[in-house]
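Report on the structure given below.
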Amino acid sequence: VRAALLAIAVWLAIAAAAHSHTPSFPESNITRGRTAAGHPYQSGGISTDEQRAMERVSNSYNLKLVFAGGTGTFAAPDFVVIGANHDRAVERVAVNAPWFYIRLPSGGYTILARFAGRIVLIRDVYLQEGRLRMYRVRAD
């Protein structure tokens, strides 16, 4: 009887510990919004739970940016500027997270990200509706 009670106590402790690592609100730190021109975006990805939540809805976006610092660890840029190459439309978004998704019209773009005073520029980004393109942006 004693061994059975001990086994039950250990099983309950393990179950409680496993449940404590399951976040109640994995999407609470994900920012979703629209740019000034109305393009939907989301940013977040600090935890793996946020990354999973963002990946679940990734099919509605056509650009994913993953930001990293000089050592390769996740970093958050101060802001991102996306310029359309075919006209003078420019989107500026405060990101403050390592993952960023946005849905833009098909076409060519230039992307600028600023990390603590350092500028990273990506040219010739070509997007299509319904096809996700991913870029890793390093601040080094």
Side-chain angles (χ1 to χ4, degrees):
V1 173
R2 199 169 195 191
L5 288 175
L6 180 61
I8 291 171
V10 168
W11 181 81
L12 288 173
I14 291 171
H19 183 68
S20 68
H21 294 291
T22 304
S24 300
F25 304 103
E27 299 185 34
S28 63
N29 291 324
I30 297 172
T31 301
R32 291 188 174 96
R34 292 191 173 269
T35 65
H39 303 296
Y41 70 88
Q42 69 174 348
S43 66
I46 295 171
S47 70
T48 55
D49 295 313
E50 285 179 30
Q51 292 170 6
R52 284 188 206 118
M54 293 176 78
E55 287 287 327
R56 280 194 297 272
V57 296
S58 65
N59 61 347
S60 62
Y61 300 96
N62 59 354
L63 177 63
K64 175 183 180 182
L65 302 175
V66 177
F67 301 102
T71 61
T73 59
F74 283 143
D78 300 322
F79 61 84
V80 173
V81 175
I82 302 172
N85 293 347
H86 60 280
D87 61 23
R88 296 184 181 216
V90 174
E91 296 286 0
R92 184 178 191 273
V93 182
V95 176
N96 299 319
W99 281 25
F100 178 72
Y101 287 86
I102 190 167
R103 185 174 64 227
L104 297 165
S106 295
Y109 294 88
T110 300
I111 301 169
L112 179 142
R114 188 178 92 177
F115 297 85
R118 176 162 241 183
I119 303 293
V120 177
L121 188 68
I122 304 171
R123 296 175 193 240
D124 300 324
V125 173
Y126 294 100
L127 302 177
Q128 298 174 4
E129 295 278 336
R131 183 168 183 224
L132 181 65
R133 297 284 312 261
M134 187 189 79
Y135 290 87
R136 296 186 191 280
V137 183
R138 288 184 55 144
D140 56 355

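For the atom pair Arg103 CZ and His39 NE2, the distance stands at 9.5 Å (nearest 0.5 Å). Rounded to the nearest 0.5 angstrom, Ser60 OG and Tyr101 OH are separated by 9.5 Å. Note that OG1 of Thr31 is 7.0 Å distant from OH of Tyr41, once rounded to the nearest 0.5 Å. Between the CD1 atom in Ile102 and the CZ atom in Arg34 there is a gap of 10.5 Å [rounded to 0.5 Å]. Summarising the geometry, atom CG belonging to Asn62 is positioned 5.5 Å from atom CG belonging to Leu104; distances are rounded to the nearest 0.5 Å. Taken from CZ in Arg131 to OH in Tyr126, the straight-line distance is 14.0 Å, to the nearest 0.5 Å.
Both Leu65 and Val93 are part of a single hydrophobic cluster, where members link through side-chain heavy atoms under 4.5 Å apart. Transitive grouping of hydrophobic side chains (ILVMFWY, heavy atoms separated by less than 4.5 Å) brings Phe74 and Ile30 into a common cluster. One hydrophobic cluster holds both Val81 and Leu121 under the rule that ILVMFWY side chains link at heavy-atom gaps under 4.5 Å. In the hydrophobic cluster analysis, where Ile, Leu, Val, Met, Phe, Trp and Tyr join through side-chain heavy atoms closer than 4.5 angstrom, Phe67 is grouped apart from Met134. A single hydrophobic cluster is seen to contain both Ile122 and Leu63, as judged by linkage of ILVMFWY side chains at heavy-atom distances under 4.5 Å, directly or through other members.
Identified under the salt bridge (Lys or Arg N to Asp or Glu O under 4.0 Å) test for residues 104-117, with sequence neighbours left out: Asp78-Arg114.
Listed here is the closest heavy atom pair of Gly69 and Ala75: N-CB, 3.4 Å. The two atoms that bring Ala97 and Ala76 nearest to each other are N-CB, 3.3 Å, heavy atoms only. Nearest heavy-atom pair across Gly45 and Pro98 is O-CG, 3.6 Å.
In this structure Thr110 satisfies the side chain to side chain donor-acceptor pair (under 3.5 Å) test together with Asn85, sequence neighbours excluded. Listed by chain and number, the residues in a ring-ring contact (aromatic ring centres under 6.0 Å, His included) with Tyr109 amount to none (sequence neighbours excluded).
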Inset, instruction - Apply side chain to side chain contact (heavy atoms under 4.5 Å, CB included) to the pair Ser43 and Val95, showing each step before the final yes or no. - result: CA-CA 6 Å; Ser43 66; Val95 176; 3.9 Å; yes

Inset, instruction - With side chain to side chain contact (heavy atoms under 4.5 Å, CB included) as the test, would you mind laying out the steps for Trp99 and Glu55 before giving the verdict? - result: CA-CA 10 Å; Trp99 281 25; Glu55 287 287 327; 3.4 Å; yes

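Each of Leu112, Ile111, Val66, Val120 was checked for a side chain to side chain contact (heavy atoms under 4.5 Å, CB included) with Val137, and the lone residue meeting it is Val120.
For Ser106 and Gln128, the side-chain atoms include no donor-acceptor pair closer than 3.5 Å.
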